[in-house]
Visitor: 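Below you'll find the structure I mean.
So you know, we letter chains A, B, ... as the sequences are listed, proteins then strands, and number each from 1.
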Protein chains: 2
Amino acid sequence: MTSPRKVTRIQREKREVILAAALEAFAEDGLRGATLEKIADKAGMSKPHVVYYFGSKDAIYTDLLQSLLEVWVQPLRDLSEDADPLAAILTYMRRKLRMSQEMPRESKMFATEILHGAPRMRQQLSGDLKSLVDEKAALIARWSAEGKIAKIDPHHLIFSIWAMTQHYADFDIQVEAVLGDDRKAGLYDEADAFLTEFFVRALRP
Amino acid sequence: MTSPRKVTRIQREKREVILAAALEAFAEDGLRGATLEKIADKAGMSKPHVVYYFGSKDAIYTDLLQSLLEVWVQPLRDLSEDADPLAAILTYMRRKLRMSQEMPRESKMFATEILHGAPRMRQQLSGDLKSLVDEKAALIARWSAEGKIAKIDPHHLIFSIWAMTQHYADFDIQVEAVLGDDRKAGLYDEADAFLTEFFVRALRP
DNA sequence: GTCTATAAATCGATAGAC
DNA sequence: GTCTATCGATTTATAGAC
């Protein structure tokens, strides 16, 4: 137990370098597959040095997962009462898609964690996340009841947005292999156009 | 190099017991996370005995992946010319959903492999799978051009079916945590109803 | 704070008895 | 064919010099 002390700017920066390196490693190989050596290499420091700042590989992983969770659910948090409900849902979907495009490693890290039973997130899934989803589902259900969007199960609608947007990040290898190299550059523009049209058709009253 | 010999019934059965155990282990923990000891325990035999039948952990994994691939793409293979294109696509989507329900471990194993760069499947993704998808996409494009279904990008339509159906298997932990225990029993009936309505609205001309 | 060297644990694979 | 025992490689984490 070290006494609480001011964290210097250098300490904070070091930690951030390590977290960035670890994110890359964990996204590529998962918790078990990623080694301290690989993280240390990516961070440009020695293995014991990485441990010195976080205590253990597990601590880096857990720290990363927790700090990213808030960023990850922010678009859903921002979904709220709106004059144009359909537009609000489309905005949510588009923000999620943009996050897949810009933060594919974060998406893969969450996907791997959940896929393997979410041993470090279960509490939050059935606690904070469930509360948030229930709250937003109630909002969507109201829009649905008022005839502003189609009658549709709001929970499954949210799942479908998660599934379809994150698919482009999590399974990018497969998507790019199937589409071929020539469609790789405009991929996210295509996805945006497709999903927008898709959800408009499915959701308008 | 042993000379080719008849594989006995017992040998085949042993291999199947090991493959079943390995599927469970790999789906839970991935290739790196799953240990030979865990596979051996699940299979009810000793560690060297498992190696005796397959040579290595890697061989079990590769064998399993290859043998499951054919089963996995069969529903798409069966999508073909039909008097009612919308019904044909819905049937495909429903078969995929049923596979998620009945074969969640297979779904998770593929998901983990692709998520981590598909080192043992890349050839097939950009070869056989791309060919198959391109072929079926051409069929869907024809339906679309003939006005039998909505105008829509067929490749992304296929991705959306993969994403939404496999989401219920791959992220079951999250889905069940968010929905709560009381909705767990009827989950796949709910998903079927939601997805059917969803795709009908999105696809009808 | 940062490193080299190494301890300690885990795990895949093999040797060899039966 | 099947097992126990064990080797050898990998990997996390620590000790200790600077």
Side-chain angles (χ1 to χ4, degrees), chain A residues 1-65 112 116 119-120, chain B residues 1-65 109 112-113 116 119-120:
Chain A
M1 301 289 177
T2 57
S3 59
R5 191 147 39 120
K6 198 174 180 308
V7 175
T8 68
R9 182 181 54 84
I10 290 192
Q11 283 174 330
R12 208 177 49 245
E13 284 173 2
K14 285 262 180 187
R15 285 178 65 97
E16 271 162 29
V17 169
I18 293 171
L19 287 175
L23 172 60
E24 226 173 284
F26 289 138
E28 282 170 18
D29 302 318
L31 173 56
R32 298 292 288 267
T35 66
L36 271 175
E37 192 168 14
K38 200 169 176 182
I39 295 171
D41 282 354
K42 283 178 193 283
M45 49 188 93
S46 70
K47 224 162 29 162
H49 202 176
V50 171
V51 176
Y52 172 79
Y53 272 98
F54 281 89
S56 70
K57 185 173 86 163
D58 223 273
I60 305 176
Y61 184 84
T62 305
D63 199 289
L64 202 47
L65 210 59
T112 306
H116 294 350
R120 287 161 184 78
Chain B
M1 300 294 174
T2 58
S3 60
R5 198 158 21 134
K6 198 172 180 309
V7 176
T8 67
R9 183 180 54 85
I10 291 191
Q11 284 174 332
R12 211 178 45 244
E13 284 175 2
K14 286 262 181 186
R15 285 178 65 97
E16 272 162 28
V17 169
I18 293 170
L19 287 175
L23 172 61
E24 225 173 285
F26 289 137
E28 281 170 19
D29 301 319
L31 173 56
R32 299 291 289 265
T35 66
L36 272 174
E37 193 169 11
K38 200 169 176 181
I39 295 171
D41 282 353
K42 283 178 191 285
M45 49 188 96
S46 70
K47 217 161 39 157
H49 202 175
V50 171
V51 177
Y52 172 78
Y53 272 97
F54 280 90
S56 71
K57 185 174 85 163
D58 224 273
I60 306 177
Y61 184 82
T62 305
D63 199 290
L64 202 48
L65 210 59
M109 194 171 157
T112 306
E113 171 69 12
H116 293 348
R120 287 162 183 78

Visitor: Among D/dT2, C/dG1, C/dT14, which nucleotide sits nearest the side chain of B/V51?
Guide: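 Given the options D/dT2, C/dG1, C/dT14, the side chain of B/V51 is closest to C/dT14.
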Visitor: Expressed as a whole number of angstroms, how long is the span from A/R15:CZ to C/dT2:C1'?
Guide: 17 Å
Visitor: Rounded to whole angstroms, how far apart are NE2 on A/H49 and C1' on D/dA15?
Guide: 16 Å
Visitor: Does A/Y53 reach a base, just sugar-phosphate, or nothing at all? Heavy atoms under 4.0 Å.
Guide: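 Sugar-phosphate contact only - A/Y53 comes under 4.0 Å of backbone atoms but never of a base.
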Visitor: Output one letter per nucleotide in nucleotides 5-10 of chain C: B when a protein non-hydrogen atom lies under 4.0 Å from the base, S when only the sugar-phosphate is that close, - when neither is.
Guide: B-----
Visitor: Do the non-hydrogen side-chain atoms of A/K14 and A/I10 ever get within less than 4.5 Å of each other?
Guide: yes
Visitor: Kindly give the heavy-atom pair with the smallest separation between A/I39 and A/V50, and that separation in Å.
Guide: CG2-CG1, 4.4 Å
Visitor: Going by the rule ring pair (Phe, Tyr, Trp, His ring centres under 6.0 Å), which residues pair with A/Y53 if we only count those two or more places apart in sequence or in a different chain?
Guide: A/H49
Visitor: Round to a whole Å and report the spacing from CE of B/M45 to C1' of D/dG1.
Guide: 11 Å
Visitor: So A/K38, base contact, sugar-phosphate only, or nothing? Heavy-atom distance under 4.0 Å.
Guide: nothing
Visitor: Could you walk me through whether B/K47 and B/T35 pass the side chain to side chain contact (heavy atoms under 4.5 Å, CB included) test, one step at a time?
Guide: CA-CA 10 Å; B/K47 217 161 39 157; B/T35 66; over 6 Å; no
Visitor: For A/A34, report the nucleic acid contact type (base, sugar-phosphate, nothing); a contact means any heavy atom under 4.0 Å.
Guide: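 Answer is sugar-phosphate: A/A34 comes under 4.0 Å of backbone atoms only.
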Visitor: Would you call B/F54 and B/L19 a side-chain contact if the rule is heavy atoms closer than 4.5 Å?
Guide: yes
Visitor: For residues 55-63 of chain B, which side-chain N or O atoms pair as donor and acceptor with protein atoms under 3.5 Å away, sequence neighbours left out?
Guide:
{"unit_1": "B/S56", "atom_1": "OG", "unit_2": "B/A59", "atom_2": "N", "d": "3.1"}
{"unit_1": "B/K57", "atom_1": "NZ", "unit_2": "B/L31", "atom_2": "O", "d": "2.9"}
{"unit_1": "B/K57", "atom_1": "NZ", "unit_2": "B/A34", "atom_2": "O", "d": "2.7"}
{"unit_1": "B/D58", "atom_1": "OD1", "unit_2": "B/R120", "atom_2": "NE", "d": "3.2"}
{"unit_1": "B/D58", "atom_1": "OD1", "unit_2": "B/R120", "atom_2": "NH2", "d": "2.9"}
{"unit_1": "B/D58", "atom_1": "OD2", "unit_2": "B/R120", "atom_2": "NH2", "d": "3.0"}
{"unit_1": "B/Y61", "atom_1": "OH", "unit_2": "B/E113", "atom_2": "OE1", "d": "2.6"}
{"unit_1": "B/T62", "atom_1": "OG1", "unit_2": "B/D58", "atom_2": "O", "d": "3.0"}
{"unit_1": "B/D63", "atom_1": "OD2", "unit_2": "B/R15", "atom_2": "NH2", "d": "3.4"}

Visitor: Using whole Å, report how far CG of B/D41 lies from P of C/dC11.
Guide: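 It works out to 12 Å between those atoms.
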Visitor: So, is B/S46 near the phosphate of D/dC3, with a side-chain N or O under 4.0 Å from OP1 or OP2?
Guide: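 For B/S46, the contact criterion (side-chain N or O under 4.0 Å from OP1 or OP2 of D/dC3) is met.
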Visitor: Over how many whole Å does the gap from A/E37 atom CD to D/dT12 atom P extend?
Guide: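 The distance from CD of A/E37 to P of D/dT12 comes to 9 Å, rounded to the nearest Å.
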Visitor: Name every residue in residues 16-30 of chain B that has at least one heavy atom under 4.0 Å from any atom of DNA chain C, in order of residue number, or write none if there are no such residues.
Guide: none
Visitor: Using whole Å, report how far OH of A/Y52 lies from P of D/dG16.
Guide: 17 Å
Visitor: Under the rule for side-chain hydrogen bond (donor to acceptor under 3.5 Å, both in side chains), what residues qualify as partners of A/K38, not counting sequence neighbours?
Guide: A/E28, A/D29
Visitor: Whole angstroms only, please: what is the CZ-C1' distance between A/F54 and D/dT14?
Guide: 19 Å
Visitor: Please report the distance, rounded to the nearest Å, between CD1 in A/I39 and P in D/dT11.
Guide: 12 Å
Visitor: Starting at CG of A/L23, measure out to CD1 of A/I18 and round the result to the nearest 0.5 Å.
Guide: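 So the CG of A/L23 and the CD1 of A/I18 are separated by 13.5 Å.
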Visitor: Which one, C/dG12, C/dT2, D/dG1, comes nearest to the side chain of A/K14?
Guide: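 Nearest to the side chain of A/K14 among the choices is C/dT2.
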Visitor: Could you list the residues that satisfy side-chain contact (heavy atoms from CB on, under 4.5 Å) with B/E16, not counting sequence neighbours?
Guide: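 Residues passing side-chain contact (heavy atoms from CB on, under 4.5 Å) with B/E16: B/R12.
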